[in-house]
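Single-structure report; data block below.
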Amino acid sequence: MPGELAGKVAIVTGGASGLGRATAELFVEEGAKVVIGDVNVAGGEEAAAKLGPAAAFQRTDVSDADQIQALVDFAVARFGGLHVMFNNAGIGSSKARFLDDDLADFQRVMGVNLFGVMVGSQRAARHMAKRGGGSIINNSSIGGINPGAGVMTYRAAKAAILHVSRSIALDVAEYGIRVNCIAPGLIQTPITSYDLPRVRRTSQPLPREGKPRDVANAVLFLASDRSAQITGIVMPVDGGVTAGRPVANYKDVVAARSSEPAP
């Protein structure tokens, strides 16, 4: 049987590593032609070479609108069109507590994580609107859904992605363009520098370790015709983190209460 994306052309920003690379690999497996956009030239060229003639690399800083337009133009020129846009590129922000954060990285984080998504969606949609539609998937985070201490600029950008994705979905639906958003959870990537297993044990209901391929599978679904009637959604890929606290937390609370002295 033909692949889920046979005959389609996709762009994956931040595709040189992590979630983007896993998605680019899966897209090619499913029959798509893929252009990887990334500032990591060595990683992007290596990823594209490994994927063979169905893939190509274009150096792209997504905080620069002209470079995003060049990326779209390159994909159209190289493979003849653009049907899927995965705005995945992102960077972390300061881990300082709010009162100690000088917010020096605010412009750069917002430029990559939010502006890059908005312009990537816009430039892809401009092409798709004239050619019968397409699918745009934007990468947010559970940090954009659940509030928490630290990494405030990152959280702010990721939260904005959720809202702007749904708004764009409404604005471009008449052109047959679907816009959806994923919110990955506790998955190891090159920008994950904290003790992930420990955090997972205390905050994720499912004991299973999430992999980049899990996110790629979700992106594939939203990119494919299987989701033809789906637009404007936010899909967590998080092992249940955004659903609520794991049973382990409940057990800890029960144990603490059982040790309280009787009134």
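If you're wondering where the values come from, they're calculated on a predicted model, not measured in any experiment. Only this structure's heavy atoms are used, side chains among them; waters, hydrogens and symmetry mates stay out. Residue numbers count from 1 along this sequence.
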> Any idea which heavy atoms bring Gly14 and Ala89 closest together, and the distance?
Replying inline: N-CB, 3.7 Å
> At their closest point, which heavy atom of Gly244 faces which heavy atom of Pro205, and how far apart are they?
Replying inline: O-CG, 3.5 Å
>> Could you check whether Asp38 and Thr60, counting side-chain N and O atoms only, form a donor-acceptor pair closer than 3.5 Å?
In response: no
> Step by step, would you call Ile177 with Ile136 a side-chain contact (heavy atoms from CB on, under 4.5 Å)?
Replying inline: CA-CA 7 Å; Ile177 301 170; Ile136 298 171; 3.9 Å; yes
>> Would the distance check show the side chain of Asn88 and the main-chain N or O of Thr13 forming a donor-acceptor pair, the cut-off being under 3.5 Å?
In response: yes
> Does any N or O in the side chain of Glu30 come within less than 3.5 Å of the main-chain N or O of Glu4, such that one atom is a donor and the other an acceptor?
Replying inline: yes
> Under the 3.5 angstrom rule, does the side chain of Thr202 hit a backbone N or O of Val199 as a donor-acceptor pair?
Replying inline: yes
> Any side-chain heavy-atom pair from Val109 and Ile91 closer than 4.5 angstrom?
Replying inline: yes
>> What's the separation between atom CG in Asn139 and atom CD1 in Ile182, rounded to the nearest 0.5 Å?
In response: 4.0 Å
>> Is any side-chain heavy atom of Ile137 closer than 4.5 Å to one of Ser135?
In response: yes
>> Within the 4.5 Å heavy-atom criterion, are Leu206 and Gln204 side-chain neighbours or not?
In response: yes
> Between the side chain of Ser140 and the main-chain N/O of Ala183, is any donor-acceptor distance below 3.5 Å?
Replying inline: no
> Hey, are the side chains of Asn113 and Tyr154 touching, using non-hydrogen atoms and a 4.5 Å cut-off?
Replying inline: yes
>> Other residues, nucleotides and ligands only: do more than 12 of their heavy atoms fall within 6.0 Å of CE on Met235?
In response: yes
> Under a 4.5 Å side-chain heavy-atom rule over Ile, Leu, Val, Met, Phe, Trp and Tyr, are Ile11 and Ile36 clustered together?
Replying inline: no
> Which pair of heavy atoms, one from Leu162 and one from Gly144, lies closest together, and at what distance?
Replying inline: CD1-O, 3.2 Å
> With no hydrogens and no angle check, is any side-chain donor or acceptor of Arg108 less than 3.5 Å from a backbone partner on Ser63?
Replying inline: no
>> Quick one, Asp214 with Arg208, criterion salt bridge (charged side-chain N to carboxylate O under 4.0 Å, His left out). Give me CA distance, side-chain angles, the key distance, then yes/no.
In response: CA-CA 11 Å; Asp214 296 316; Arg208 179 180 178 276; 2.9 Å; yes
> Is the CZ atom of Arg226 crowded by more than 12 outside heavy atoms at less than 6.0 Å?
Replying inline: no
> Checking side chain to side chain donor-acceptor pair (under 3.5 Å) for the pair Ser227/Asn180: CA distance, chi angles, key distance, verdict?
Replying inline: CA-CA 10 Å; Ser227 59; Asn180 294 293; 5.5 Å; no
>> Taking Glu29 first and then Arg213, would you say they form a salt bridge - that is, a charged N and a carboxylate O separated by under 4.0 Å?
In response: yes
> Can you list the steps and then say if Arg131 with His127 is a side chain to side chain donor-acceptor pair (under 3.5 Å)?
Replying inline: CA-CA 7 Å; Arg131 294 163 179 82; His127 174 85; 3.3 Å; yes
>> Other residues, nucleotides and ligands only: do more than 12 of their heavy atoms fall within 6.0 Å of OH on Tyr175?
In response: no
>> Once rounded to the nearest 0.5 Å, what's the spacing between atom OG of Ser93 and atom CE of Met152?
In response: 9.5 Å
>> Working note: Ser203 + Arg245, criterion side chain to side chain donor-acceptor pair (under 3.5 Å); need CA distance, chi angles, decisive distance, verdict.
In response: CA-CA 6 Å; Ser203 60; Arg245 293 185 177 277; over 6 Å; no
>> Evaluate Asp64 against Arg123 for salt bridge (charged side-chain N to carboxylate O under 4.0 Å, His left out), listing each step before the verdict.
In response: CA-CA 12 Å; Asp64 184 329; Arg123 302 309 166 87; over 6 Å; no
> Rounded to the nearest 0.5 Å, what separation is found between the CG atom of Asn138 and the NZ atom of Lys158?
Replying inline: 9.5 Å
> Between Lys33 and Phe27, is any pair of side-chain heavy atoms under 4.5 Å apart?
Replying inline: no
> Is there a side-chain contact between Glu209 and Lys211, using heavy atoms and a 4.5 Å cut-off?
Replying inline: yes
>> Determine whether Cys181 and Ile161 satisfy the following criterion, side-chain contact (heavy atoms from CB on, under 4.5 Å), listing intermediate values before the conclusion.
In response: CA-CA 8 Å; Cys181 188; Ile161 290 170; 3.9 Å; yes
> Are more than 12 heavy atoms from other residues, nucleotides or ligands located less than 6.0 Å from atom CZ of Arg126?
Replying inline: yes
> Would you call Asp225 and Lys8 a salt bridge, using N to O less than 4.0 angstrom?
Replying inline: yes
> If you draw a 6.0 Å radius around CZ in Phe106, do more than 12 non-hydrogen atoms from other residues or ligands fall strictly inside?
Replying inline: no
> What about Val172 and Met118, same hydrophobic cluster or not, with Ile/Leu/Val/Met/Phe/Trp/Tyr joined at side-chain heavy-atom distances under 4.5 Å?
Replying inline: yes
>> Could you measure the distance from the CG atom of Leu186 to the OG atom of Ser141? Nearest 0.5 Å is fine.
In response: 8.5 Å
>> Could you go through Leu222 and Ile233, starting from their C-alpha distance and side-chain angles, then the distance that decides it, and tell me whether this counts as side-chain contact (heavy atoms from CB on, under 4.5 Å)?
In response: CA-CA 10 Å; Leu222 293 173; Ile233 71 163; 4.1 Å; yes
>> Rounded to the nearest 0.5 Å, what separates atom CD1 in Ile230 from atom CZ in Phe221?
In response: 3.5 Å
> Heavy-atom distance under 4.5 Å between the side chains of Arg166 and Leu170, does that happen here?
Replying inline: no
> Can Ile68 be reached from Phe115 by stepping across I, L, V, M, F, W or Y side chains whose heavy atoms are under 4.5 Å apart?
Replying inline: yes
>> Set out, in order, the CA-CA distance, both residues' side-chain angles and the distance that settles salt bridge (charged side-chain N to carboxylate O under 4.0 Å, His left out) for Lys50 and Glu45, then state yes or no.
In response: CA-CA 9 Å; Lys50 183 177 179 181; Glu45 290 180 343; over 6 Å; no
> Are Val34 and Val219 grouped together when hydrophobic residues (ILVMFWY) are joined by side-chain heavy atoms under 4.5 angstrom apart?
Replying inline: yes
> For Leu19 and Val215, which heavy atoms make the closest approach, and how far apart are they?
Replying inline: CD2-CG2, 3.9 Å
>> Using side-chain contact (heavy atoms from CB on, under 4.5 Å), reason through Leu220 and Leu5 one step at a time and then give a plain yes or no.
In response: CA-CA 8 Å; Leu220 172 63; Leu5 299 181; 3.8 Å; yes
>> Quick one, Arg200 with Asp238, criterion salt bridge (charged side-chain N to carboxylate O under 4.0 Å, His left out). Give me CA distance, side-chain angles, the key distance, then yes/no.
In response: CA-CA 10 Å; Arg200 187 185 295 116; Asp238 66 352; over 6 Å; no
> Linking I/L/V/M/F/W/Y whenever their side-chain heavy atoms sit closer than 4.5 Å, directly or via other members, would Leu196 and Ile142 fall into one cluster?
Replying inline: yes
> Which value, rounded to the nearest 0.5 Å, describes the distance between Leu71 atom CG and Arg59 atom CZ?
Replying inline: 12.0 Å
>> On a heavy-atom basis, which atom in Pro236 and which in Ile145 lie closest, and how many Å separate them?
In response: CG-CD1, 4.3 Å
>> Show the nearest heavy-atom pair for residues Gly148 and Arg155, with the distance to one decimal.
In response: O-NE, 3.2 Å
> Between Val62 and Asn87, is any pair of side-chain heavy atoms under 4.5 Å apart?
Replying inline: no
